[in-house]
Amino acid sequence: MTPSIPVPAQWPDRYGDELYRFALSRVSAADVAEELVQDTFLSALDGLATFRAEASERTWLFIILRRKIIDHYRRQARATHVGLDEISDGGSAEADFFTPENGHWNGPQAPASWLQADAALEQQELHEILQRCQQRLPPQQGAVFALRFVEELSAAEICQELGLSSANYWVIVHRAKLQLRRCLEKHGLGKN
Amino acid sequence: MRRLITCQNATLLLEKQADQPAPRALRASLWLHLRYCPDCNRYATQTVQIAEWARASAATRVSSSVGLSDAAKQRMRERLAAAG
């Protein structure tokens, strides 16, 4: 099969919708998703000379978009950089969940049973609740959570992207999970 | 027995362990803690569920009928033409 030669003028019509849906599934805001797609096309145009015909044009554009999404999360995380001390001193986030004196769950914050979580909520509803809970995370936690659990970057890659130490990274992941768990429970999962 | 490590440490360790194996002694402490702490046991299950749901949620979040507006596509064509 003869590899196709990219025709930039056709990209918005050929790939725009698909790329936009992918971007929107990551960033939620329509204007941001649109900008990511536009930046993808412009970067692809810049790098046209480096396009290798063994990859499809579509795959190549998705790789560029994914890079743009990671950059977006990096900006989000860095815009709200949490200082080292704020992270390493245990911070107020952990004090919300665990008793400072002994480090055990703080009574009402202890995880409730989600035994029938899947059955109690429609998948769609569950996904919507999770999405809302993710949006409520502090920006840095939201970015780290998305990079790890949606984009599936490794811990080392995320530390490199965001300039985090390994210890800080784990504290952020831990806090994000604690907050999400509580948010999900508050919005329906803990009532079984 | 569960005083060997606290719930705060146990839940943090659970997150770490999902990415990198902990030293044997720490794994043993975590195992012991989970054996006697129903709250952290629940957390262990729920934190895995949250990760799975996050992936699934992103994959199904946007309906296949959603797309760029004609105006947005036109803007992109113009930007590409100007940049090219």
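As a basis for the values below, the full set of heavy atoms in this structure was taken, side chains included, without hydrogen atoms, waters or symmetry mates. Order of the sequence lines sets the chain letters (A, B, ...), proteins ahead of strands, with each chain counted from 1.
The environment of Gln160(A) atom CD is sparse: at most 12 non-hydrogen atoms of other residues, nucleotides or ligands sit within 6.0 angstrom.
Annotation: the span from Thr60(B) atom OG1 to Gln124(A) atom CD amounts to 6.0 Å, rounded to 0.5 Å. A distance of 11.5 Å separates CG in Leu130(A) from CD in Gln49(B), rounded to the nearest 0.5 Å. Here the CZ-CD distance, from Arg55(B) to Glu152(A), works out to 4.5 Å after rounding to the nearest 0.5 Å. To the nearest 0.5 angstrom, Glu18(A) atom CD is 11.0 Å from Ser64(B) atom OG. Taking CZ of Phe41(A) as the start and CZ of Arg77(B) as the end, the distance is 10.0 Å to the nearest 0.5 Å. Residue Phe98(A) holds its CZ atom at 9.0 Å from CG of Asn9(B), rounded to the nearest 0.5 Å.
The two atoms that bring Leu80(B) and Pro8(A) nearest to each other are CD1-O, 3.3 Å, heavy atoms only. Here the shortest heavy-atom pairing between Ala58(B) and Val150(A) reads CB-CG1, 3.5 Å. Among all heavy-atom pairs drawn from Ala83(B) and Leu42(A), the shortest one is CB-CD2, 3.9 Å. Here the closest heavy-atom approach between residue Arg42(B) and residue Pro111(A) is recorded as NH1-O, 2.8 Å. Between Val66(B) and Arg21(A) the shortest heavy-atom distance is O-NH1, 2.6 Å. Shown here for Trp170(A) and Glu15(B), the closest heavy-atom pair between the two residues is CZ3-O, 3.3 Å.
You'll find the side chain of Trp105(A) reaches within 4.5 Å of the side chain of Thr11(B), heavy atoms only. Within the 4.5 Å cutoff, side-chain heavy atoms of Asp17(A) are placed close to those of Lys73(B). By the 4.5 Å heavy-atom criterion applied to side chains, Tyr20(A) and Val62(B) are not counted as neighbours. Proximity of Met76(B) to Trp11(A): side-chain heavy atoms (C-beta onward) are nowhere separated by under 4.5 Å.
Of the atoms belonging to Ala81(B), not a single heavy atom falls under 4.5 Å from chain A. Contacts between Thr45(B) and chain A at a heavy-atom distance below 4.5 Å are absent for every atom of the residue. Only the side chain of Gln134(A) comes within less than 4.5 Å of a heavy atom in chain B; its backbone stays farther off. If you measure heavy-atom distances from Gln20(B) to chain A, the contacts under 4.5 Å come from the side chain alone. Heavy atoms of Ala10(B) lying under 4.5 Å from chain A are absent altogether.
Classification of the His104(A)-His33(B) ring pair by plane angle, with boundaries at 30° and 60°, yields parallel.
Gln46(B) contributes a side-chain N or O that, together with a main-chain N or O of Ala112(A), makes up a donor-acceptor pair within less than 3.5 Å. The closest donor-acceptor contact from the side chain of Arg181(A) to the backbone of Thr47(B) lies at 3.5 Å or more, if one exists at all.
The side chain to side chain donor-acceptor pair (under 3.5 Å) test applied to Glu161(A) returns Arg67(A), Arg74(A), not counting sequence neighbours.
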